[in-house]
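In what follows, residues are counted from 1 in the order of the sequence shown.
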Amino acid sequence: MTHTKVITDVDMERILVPYGIKMMSNKMLSGGSANTNYLIPTEDNAFVLTICDEKSIEETEKLASLLEYLKQHKFSTSELIQTTTGALTTTWNTKPVMLKGFIEGDIAKDISEDLLLYLGKELAQLHQIKAPDFIPREIAFGLQHFDEVKSYAPDSSFYKWLKATQHYIENHINTDLPKALIHSDIFNSNIIVAKDGKQATIMDFEEACYYYRVFDIGMMIIGTCSDKTTINLDKAASLLKGYQQEIQLLEIEKQALKAFTVYAATATAYWRHQNFNHVNFNPEMKNHYLEMKNLADYVMNLPDNFLFED
């Protein structure tokens with residue numbers, strides 16, 4: 001993995017030529033393990049320039065097409081800026097580049113119940129948009145990949161746990177569950193909260209796919225309603241209340257949601273374990289997966305109807 005180094009003003013000006021934009025300055029933004037992002041203020045606006053360090057040109061063009069598709073369907077997220085010739089992406093040093101409008105606000109470590117009610121509605125609105133044909137039909141880090149751990153940690157306690165948890169999840173997957181266009185990775189870090197704290201924008205659709213919509217709800221519970229060791233049930237209830245103001249969950253979804261919340265935490269634990277212990281080994285992050293493993297175990301031990309108790 002080769003991340004983009006600091007770009008000189010001269011190089012940045014060259015990158016921005018296709019957009020017809022004159023920058024006042026540029027500043028590298030923190031965060032983003034797969035991209036390098038720069039804040040680009042101009043006299044009238046501010047933009048975020050993203051250099052995709054790990055995506056191919058084709059993958060970046062698909063993501064750009066999805067962002068444009070969401071805009072056409074009036075879903076509020078990062079807005080792509082086209083070049084003067086109407087292109088959605090460009091390249092710099094063989095790496096794909098996207099330019100997006102800057103969204104005012106902050107990433108919040110703690111999201112309020114009121115805001116989760118709002119975000120639940122946003123998630124349901126996303127799920128009502130017809131999934132485009134070009135997005136994947138499975139989770140990039142889902143069950144079908146769990147056996148990859150066998151290639152680098154076959155005798156580990158994590159692999160044994162992963163297979164046991166997979167068995168539990170598979171017993172609760174009903175193929176009649178509704179599918180939708182889902183984000184599949186909604187954590188606090190992928191949400192920009194407006195300055196007034198009353199609205200928020202879901203961003204970073206890199207992992208979007210067509211899959212069971214209860215997976216997305218489970219992932220959002222894990223990503224926005226946990227305190228790293230437990231789930232805040234009041235927050236989860238607000239999220240579900242907001243969602244059901246737009247979409248009434250089917251009974252089979254209610255029955256499956258606990259297992260899919262376990263699935264979301266397990267899939268994230270799998271990704272972290274593989275990424276930080278094998279693909280991009282990082283001794284400081286090698287135990288980062290344990291937070292998600294422990295959350296999966298915590299949810300597994302809750303009552304089956306814990307999210308829908310009267």
Side-chain angles (χ1 to χ4, degrees), residues 32-35 48 50-82 86-91 95-101 103 119-146 148 169 173-187 189-192 201-224 243 246-247 253 256 260 263-264 266-268 270-271 274-275:
S33 59
N35 306 313
V48 173
T50 299
I51 298 177
C52 302
D53 294 305
E54 294 185 10
K55 275 188 168 43
S56 66
I57 290 173
E58 181 185 7
E59 288 169 336
T60 304
E61 286 175 346
K62 283 185 179 179
L63 174 58
S65 295
L66 178 59
L67 292 177
E68 194 67 9
Y69 181 80
L70 291 171
K71 178 185 175 183
Q72 290 166 3
H73 286 79
K74 297 181 169 46
F75 183 80
S76 178
T77 187
S78 304
E79 184 173 340
L80 213 57
I81 308 301
Q82 297 184 9
L88 298 176
T89 66
T90 59
T91 57
K95 290 185 177 180
V97 173
M98 293 186 295
L99 187 69
K100 294 168 278 191
I103 299 173
L119 285 164
K121 292 181 192 175
E122 288 289 296
L123 185 67
Q125 287 169 12
L126 173 67
H127 291 174
Q128 292 176 81
I129 298 171
K130 185 177 185 294
D133 292 338
F134 58 80
I135 64 170
R137 262 46 192 169
E138 60 182 29
I139 301 292
F141 47 100
L143 289 166
Q144 72 279 8
H145 296 290
F146 287 2
E148 291 172 13
I169 296 164
I173 293 181
N174 184 331
T175 53
D176 290 333
L177 287 164
K179 292 184 176 181
L181 163 57
I182 72 167
H183 182 288
S184 89
D185 190 31
I186 303 179
F187 279 72
S189 56
N190 289 336
I191 297 169
I192 298 291
T201 303
I202 298 170
M203 300 172 34
D204 297 338
F205 277 78
E206 273 84 353
E207 306 298 341
C209 63
Y210 178 69
Y211 197 62
Y212 301 114
R213 63 192 186 190
V214 282
F215 180 90
D216 226 12
I217 300 170
M219 182 63 80
M220 198 165 177
I221 289 170
I222 291 296
T224 65
Y243 188 91
E246 295 283 330
I247 296 175
E253 291 180 293
F260 274 85
Y263 185 1
T266 303
T268 308
Y270 152 74
W271 184 90
Q274 185 179 68
N275 193 57

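- Ring planes of Phe215 and Tyr211: perpendicular class, angle over 60° (limits at 30 and 60°).
- The CZ atom of Phe187 lies 4.0 Å from the OG1 atom of Thr268; values are rounded to the nearest 0.5 Å.
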Assess the residue pair Ile135 and Leu181 against the criterion (side-chain contact (heavy atoms from CB on, under 4.5 Å)); give the C-alpha distance rounded to whole Å, side-chain angles, the decisive distance to 0.1 Å, and a yes or no. CA-CA 9 Å; Ile135 64 170; Leu181 163 57; 3.5 Å; yes
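- A distance-only check finds no donor-acceptor pair linking the side chain of Thr89 to the backbone of Met98 [under 3.5 Å].
- Nearest heavy atoms, Phe141 versus Met219: CE1-CE, 3.8 Å.
- The two residues Pro136 and Ala208 come nearest to each other via the heavy atoms CD-O, 3.5 Å.
- In this structure, the side chain of Glu138 does not engage the main chain of Cys209 through any donor-acceptor pair within 3.5 Å.
- Using a 4.5 Å heavy-atom threshold, the side chains of Leu88 and Gln82 count as touching.
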Should His127 and Ile182 be marked as a side-chain contact (heavy atoms from CB on, under 4.5 Å) after you check the CA-CA gap, both sets of side-chain angles, and the distance that decides it? CA-CA 6 Å; His127 291 174; Ile182 72 167; 3.8 Å; yes
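- Screening residues 205-219 for salt bridge (charged side-chain N to carboxylate O under 4.0 Å, His left out) gives Arg213-Glu253 as the qualifying pairs, with residues at least two apart or on separate chains.
- Counting all heavy atoms, side chain and backbone alike, Ala264 lies closest to Gly218 at CB-C, 3.8 Å.
- A distance-only check finds a donor-acceptor pair linking the side chain of His183 to the backbone of Asp204 [under 3.5 Å].
- Formation of a donor-acceptor pair under 3.5 Å by the Tyr263 side chain with backbone atoms of Leu143 is found in this model.
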Determine, step by step, whether Phe75 and Leu67 satisfy the side-chain contact (heavy atoms from CB on, under 4.5 Å) criterion, reporting the C-alpha distance in whole Å, the side-chain angles of both residues, the deciding distance to 0.1 Å, and the verdict. CA-CA 9 Å; Phe75 183 80; Leu67 292 177; over 6 Å; no
Worked verdict on Leu119 versus Thr224 for side-chain contact (heavy atoms from CB on, under 4.5 Å): CA-CA 10 Å; Leu119 285 164; Thr224 65; 5.6 Å; no
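- The minimum heavy-atom distance between Asn190 and Asp185, with the atom names listed, is ND2-O, 2.7 Å.
- With sequence neighbours left out, the salt bridge (Lys or Arg N to Asp or Glu O under 4.0 Å) criterion links Lys179 to no other residue.
- In this structure the side chain of Glu148 reaches within 4.5 angstrom of the side chain of Tyr270, judged on heavy atoms.
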